[in-house]
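What follows is a single structure, written as structure tokens, with notes after it.
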Amino acid sequence: MTVDEFRATTNAIVANIEQVIEGKTATVRLALAVLLAEGHLLIEDVPGVGKTKLAKALARSIDCSVRRIQFTPDLLPSDVTGVSVYNQETRDFEFKPGAVFANLVVGDEINRASPKTQSALLECMEEHQVTVDGVTYTMEIPFMVVATQNPIEMEGTYPLPEAQRDRFTARIAMGYPDAAAEYAMLDGYHSHDPLEDLTSVVDGGTVRRLIATVRSVHVAEAVKRYAVELVTATREAPELRLGASPRSTLQLLRTAKAVAALDGRDYVVPDDLQTLAVPVLAHRVIPTADAQLARRTTDAILSELVHRLPVPHDRGGRSPYDTRPATPPNSFYDRRG
């Protein structure tokens, strides 16, 4: 896919979602970057700011299979993964797929389900497969879980365990819209929901081509070392009692490659990692008791780590982070001609 095709396609997806989500371009682009990085997204914010709207708008913009799960305390793991049912005609058990068998799974209020039901997502989110009654079923590509939760209301909820949170590539917050966006929302929503008119702009094959393009984005050795140093700093920070995992290093680089491609670059720069440090790492780390008493958030702690950590120097020339030999012109990865 050429750079013009890539940008035109991704810009069309972003513009389509923004018909429903007003004034949140950066949030929408990050959600799309997580999809192209083959990751999963956790949207955590107060009620009524459009968490589910964003998830459903992203799902409707892609002509793929989409399933929605409303997580409740009585939801069973078999409702998520599926169950084997005895067929009297064939006198054998046949598998009935659960709601997780889709290209894009929208999980609303994920922390309202019991830990037993939450754990039903662990295998498919990490290994892209589901095992039921000893039989393994592979998920189709693309596969993405977009989950929402309310961090304020704790009544009747079950906090996500660290193993579950670590499987989410990024955590984002919608935030309140500005006055202009909220005023525009009143005009758009007063008669009907714009989400009902939203149609898909790309199909599954196009999404797979976008993912393949992102996989081929170049990462220089200096950028890889910087990513490792950034994650290692979270494990050595005195204000954190649990640092980020090696899985987070991989997902940080994968998401950075997607962000670079969305910006029209075929290589990753340290700025990409700095921009993604908070959304990709903050939900994976745990502050110490002293930091919690001082009301220090993980977002603030990570922001300070990013500013303190030395960044690889620009050595001039084409780019210190595009360390590949010259490639033939007219390809996605050579715009110098």
Side-chain angles (χ1 to χ4, degrees), residues 1-21 24-43 50-69 80 82 97-108 121 124-125 127-130 137-148 168-170 172 193-217 251 254-255 257-266 330-333:
M1 184 176 288
T2 65
V3 63
D4 292 336
E5 290 176 337
F6 187 94
R7 299 199 70 178
T9 304
T10 54
N11 288 341
I13 298 174
V14 172
N16 199 54
I17 297 174
E18 287 187 319
Q19 296 182 45
V20 177
I21 306 297
K24 297 292 180 182
T25 302
T27 303
V28 172
R29 286 173 62 86
L30 180 55
L32 179 58
V34 172
L35 170 65
L36 300 183
E38 301 176 85
H40 310 286
L41 183 66
L42 178 63
I43 309 175
K51 301 187 298 295
T52 308
K53 287 285 185 186
L54 173 60
K56 295 175 71 174
L58 177 61
R60 291 202 176 193
S61 299
I62 302 169
D63 188 15
C64 297
S65 58
V66 179
R67 300 289 292 275
R68 184 180 185 274
I69 308 174
V80 177
V100 78
F101 282 87
N103 294 116
L104 204 152
V105 179
V106 179
D108 196 22
L121 291 171
C124 66
M125 290 178 67
E127 304 173 45
H128 287 192
Q129 65 181 31
V130 171
Y137 305 90
T138 305
M139 319 301 293
E140 294 183 2
I141 297 177
F143 175 71
M144 180 184 186
V145 174
V146 182
T148 69
F168 284 102
T169 301
I172 63 175
D193 189 351
L195 187 64
E196 298 176 0
D197 301 330
L198 211 63
T199 58
S200 60
V201 293
V202 295
D203 56 13
T206 303
V207 174
R208 285 187 284 272
R209 291 177 62 203
L210 293 172
I211 291 174
T213 303
V214 167
R215 288 175 180 171
S216 301
V217 171
Q251 295 186 348
R254 289 174 183 169
T255 313
K257 291 165 73 172
V259 168
L262 288 173
D263 288 343
R265 281 181 283 107
D266 57 330
N330 301 323
S331 70
F332 178 83
Y333 303 106

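For reference, positions follow the sequence shown, starting with 1. What's counted below: heavy atoms across the whole structure, side chains too, no hydrogens, waters or symmetry copies.
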Begin from the C-alpha positions of Ser200 and Ile62 and carry the test side-chain contact (heavy atoms from CB on, under 4.5 Å) through to its verdict. CA-CA 5 Å; Ser200 60; Ile62 302 169; 5.9 Å; no

With rounding to the nearest 0.5 Å, note down the distance linking [atom1] in [X] to [atom2] in [Y].
X: Ile69; Y: Arg67; atom1: CD1; atom2: CZ; answer: 8.0 Å
X: Thr213; Y: Arg208; atom1: OG1; atom2: CZ; answer: 13.5 Å
X: Asp108; Y: Arg68; atom1: CG; atom2: CZ; answer: 4.5 Å
X: Ile43; Y: Thr52; atom1: CD1; atom2: OG1; answer: 7.5 Å
X: Arg215; Y: Glu38; atom1: CZ; atom2: CD; answer: 4.0 Å
X: His40; Y: Met144; atom1: NE2; atom2: CE; answer: 8.5 Å

Answer yes or no: is there a side-chain heavy-atom contact under 4.5 Å between [X] and [Y]?
X: Glu127; Y: Met139; answer: no
X: Val34; Y: Phe168; answer: no
X: Leu58; Y: Ile17; answer: yes
X: Phe6; Y: Leu210; answer: yes
X: Phe101; Y: Val80; answer: no
X: Pro97; Y: Tyr137; answer: no

If you count heavy atoms of other groups shown closer than 6.0 angstrom to NZ of Lys24, is the number above 12?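 Atom NZ in Lys24 is packed in, count exceeds 12.
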
Crowded around Glu140 CD? As in, over 12 foreign heavy atoms under 6.0 Å?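 No, not enclosed.
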
Which pair of heavy atoms, one from [X] and one from [Y], lies closest together, and at what distance?
X: Asp203; Y: Cys64; answer: C-SG, 4.4 Å
X: Val217; Y: Ala260; answer: CG1-CB, 4.3 Å
X: Val202; Y: Thr9; answer: CG1-CG2, 3.4 Å
X: Pro142; Y: Leu35; answer: CB-CD1, 4.5 Å
X: Asn11; Y: Arg29; answer: OD1-NH1, 4.2 Å
X: Leu36; Y: Ile211; answer: O-CG1, 3.9 Å

Determine, stepwise, if the pair Thr169 / Arg254 fulfils side-chain contact (heavy atoms from CB on, under 4.5 Å). CA-CA 9 Å; Thr169 301; Arg254 289 174 183 169; over 6 Å; no

Going through the checks in order, is the side-chain contact (heavy atoms from CB on, under 4.5 Å) test met by Leu54 and Ile172? CA-CA 11 Å; Leu54 173 60; Ile172 63 175; 4.0 Å; yes

Dump the intermediate steps for side-chain contact (heavy atoms from CB on, under 4.5 Å) on Leu198 and Leu195, then the final yes or no. CA-CA 5 Å; Leu198 211 63; Leu195 187 64; 4.0 Å; yes

So, applying side-chain contact (heavy atoms from CB on, under 4.5 Å) with Leu104, which one of Val146, Val145, Val207 is it?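 Exactly one candidate clears the test, Val146.
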
